[in-house]
Amino acid sequence: MKKKIIAQLLLAVMLVTQLNGCGGKTKVYQATLPTQEEEAEIYVQKIDGLASDFIKGMDVSSVISEEAAGVKYYDEDGKEQDVFQILADSGVNYARIRIWNNPYDEDGNGYGGGNNDLKTGIELGKRATKYGMKTCVDFHYSDFWADPNKQMAPKEWADMSLEEKTDAISEYTYDSLEEFADAGVDVGMVQIGNEINYGLAGESDFDNELQLLVSAAKAVHQLEEDKNLDIQVVVHFTEVDNAEATLERASRLQEAGVDYDIFGISYYTFWHGTYENMISTLSEIKETYGVETCIMETSYLFTREDADGSANSISEADVLENYPATVQGQANNLRDVMAAASQAGALGVFYWEGCWIAASDDYAANKALYEETGCGWASSYAGEYDPNDAGKYYGGCSWDNQAFFDATGKKLASLDVFKYVNYGAKGKELEIINVPDLYIEVPKGEELSLATEIPAIYNDTSCEDLVAVEWNADELKSVDTDVAGVYTVSGTAAEGQDVVATIKVISENLLINGGFEDADTSVWVVTSQTGEDPTDIQTKEMDAHTDANSFHWWSESAMDYDMAQTVTVAADGTYSALAYIQGGDVGSDALIYLFVRVTDANGEMTEYQSDPITLTGWVNWENPIINNIEVTAGSTVEVGMHVTCDAGGWGTMDDFELVQ
């Protein structure tokens, strides 16, 4: 051990000497960072107790393709600079870089998304090292994007057995890291896989994943020993909102003997649940399994606008009440994620792709650049490798509204959160940045009372105050709490802020366990025409419309089934039914609809159906509604969903209602 420490010190001295001018090498850049609270364009509340070595990381994978497309980056004064200097001056101390095995077709055309092969990764790592940052190498072990929805094997590994792949992942990991080390890149972390919840390098069985992880981790530690380096191994998952499953994965890693150092997660506040759940889960992993934790991905939007005519991944529907889609809102979100990570005892936070902006606002010109330079999320050439996603939806930057640079490449003030969180920053003027809309549920027949003062969100989040609001008197008068329905009332808050109150007058939901939160789901009956039941009740907050549970379906075979509940109605009247459903990959001939079947006392049945439902992807919720259902007392009413779809179709349903 003593010999290794001495060797590491000697290597560190050699690296510093090399980078400080000997042999013509470039001197490491030293940023000047705050040592006390400062005045700034934005407010940043100090994070008490933040570790001096807290990781303030940025995924920079797209930078070279951006620059190839003509993107230039400018500091706050409008001066063009190397983007790595801008990041360093803003307090970023760690660069994260994804690596794909071979993101090119046989003619050498790049798949896009930065065309992040090993050569590109090393070039990015050298630039990060030049500006004083450590590097996290993020191996996807794929030729293109690896995430919870897809973990495809690299082309070269596609026909390998598990044993052959186990050897290949070891050799590839070692050889790639050796090239990073020989190039002088200061590698501090290595991710052995990216968001590997449901697969790794084409293997979907978790036992097989574990075998690959054991092999990859050994390769990193062998390289670490051979080169006398200090590298931490990261195993990276997502969906921390499902705490039970996350803790189970940590347990399985230990049981399998995976020699890793950091349990990494993605934590996007618009997807992955509460701070409290995240803090509790990471704290338990650290305490129980003796490993460090780190947030490897997070982000938030500063605008709802799209800069390149290619749809953004996150937009209006994902704006959180406490974090408006503004520069200050983005700053507040990042600061609070960092504070939560610190509270959990995590090593730090990496922001995902904060430099990835649109090449220009000319959509036609951009389309050519996506193909030529790979600066879009995917090029058409990726279709040969990923025909079902990239091959259909290839295009531009989906992240430009979550970057730390505006559409012209100028730095946003929110980037400075990284350097201000240790001591805080005073904004120039206290102001309201958002007055959240209200959503109120009123039981049918009860009196409505709208508050005349409501909470506001200030740029300085330590300021908590109510502001006066004046509601539209005519709209307020039109709300009839004796009639179930949804009403809206507009209002004007202090300083001219518009606000809307959505008032839902609710009658009793006659369906039992319409949100699937109760353990007993026997009231819901599945009738399958294929003989196979492709459904289950899933506990996964990301896939539920509300709360944690939802009705989930997927099969390797084609599906044709009804799921429904039958109740007896006590009163004559007109009723409505609704539900929420999301999913995808159902095929062009899919037939999905909400139905209601009313059988009266004489045994006569009347069926109502919603319009056919088109499913457009994950969490793109559809809300089929059937109104004007005439029912007499004593009738039975069956409410459910019909699904006919191709093999591999998937989705969740939630929040079924039948109301008078």
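What you are looking at is a predicted structure, and each value in this text was computed from that prediction instead of being measured.
Side-chain contact check for D437 versus T502: every heavy-atom pair is 4.5 Å or farther apart. At a threshold of 4.5 Å between non-hydrogen side-chain atoms, the residues K411 and D416 count as touching. In this structure, L615 and W650 have side chains that are not in contact, with every pair of non-hydrogen atoms separated by 4.5 Å or more. P455 places a side-chain heavy atom less than 4.5 Å from the side chain of L466. Using a 4.5 Å heavy-atom cutoff, the side chains of F551 and I581 are not in contact. For the pair V83 and M58, the minimum side-chain heavy-atom distance is 4.5 Å or more. Two residues are said to be in side-chain contact when any heavy atoms from C-beta on lie closer than 4.5 Å; C355 and I86 fail this criterion.
In this model, no donor atom of one side chain and acceptor atom of the other lie less than 3.5 Å apart for E239 and T246. There is a side-chain donor-acceptor pair under 3.5 Å between E475 and S490. No hydrogens or angles considered: a donor-acceptor pair under 3.5 Å links the side chains of Y370 and D308.
Under the side-chain hydrogen bond (donor to acceptor under 3.5 Å, both in side chains) criterion, T539 pairs with N549, sequence neighbours left out.
The two atoms that bring S507 and V659 nearest to each other are OG-CB, 3.4 Å, heavy atoms only. The shortest non-hydrogen separation linking I357 to E66 is O-OE1, 2.8 Å. Across I433 and G329, no two heavy atoms sit closer than the pair CD1-N, 4.5 Å.
Judged by distance alone, the side chain of S266 and the main-chain N or O of T238 form no donor-acceptor pair under 3.5 Å. With D306 contributing its side chain and N312 its backbone, the two residues share no donor-acceptor pair below 3.5 Å. The backbone N or O of D518 lies less than 3.5 Å from a partner atom in the side chain of N513, making a donor-acceptor pair. Within the 3.5 Å criterion, the main-chain N or O of I512 finds a donor-acceptor partner in the side chain of Q565. Within the 3.5 Å criterion, the main-chain N or O of L301 finds no donor-acceptor partner in the side chain of N401.
By the 30° and 60° cut-offs, the orientation of the rings of W399 relative to Y268 is perpendicular.
Taking the six-membered ring for Trp and the full ring otherwise, the centers of Y458 and Y43 sit at least 6.0 Å from each other. When ring centroids are compared, W524 and F656 come within the 6.0 Å threshold.
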Exercise. Walk me through it: do M278 and H272 pass the test side chain to side chain contact (heavy atoms under 4.5 Å, CB included)?
Key: CA-CA 8 Å; M278 182 270 286; H272 295 142; over 6 Å; no
- Item | CA sep, side-chain torsions, deciding dist, call: T606, E630, side chain to side chain contact (heavy atoms under 4.5 Å, CB included) | CA-CA 9 Å; T606 303; E630 298 298 332; over 6 Å; no
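Between E39 and K426, none of the side-chain N atoms (NZ, or NE/NH1/NH2) sits under 4.0 Å from a carboxylate O, so this pair counts as no salt bridge. Residues K46 and E37 are not paired through a salt bridge, judged by the lack of any N-O separation under 4.0 Å between the basic side chain and the carboxylate.
Residue Y608 holds its OH atom at 13.0 Å from CG of L594, rounded to the nearest 0.5 Å.
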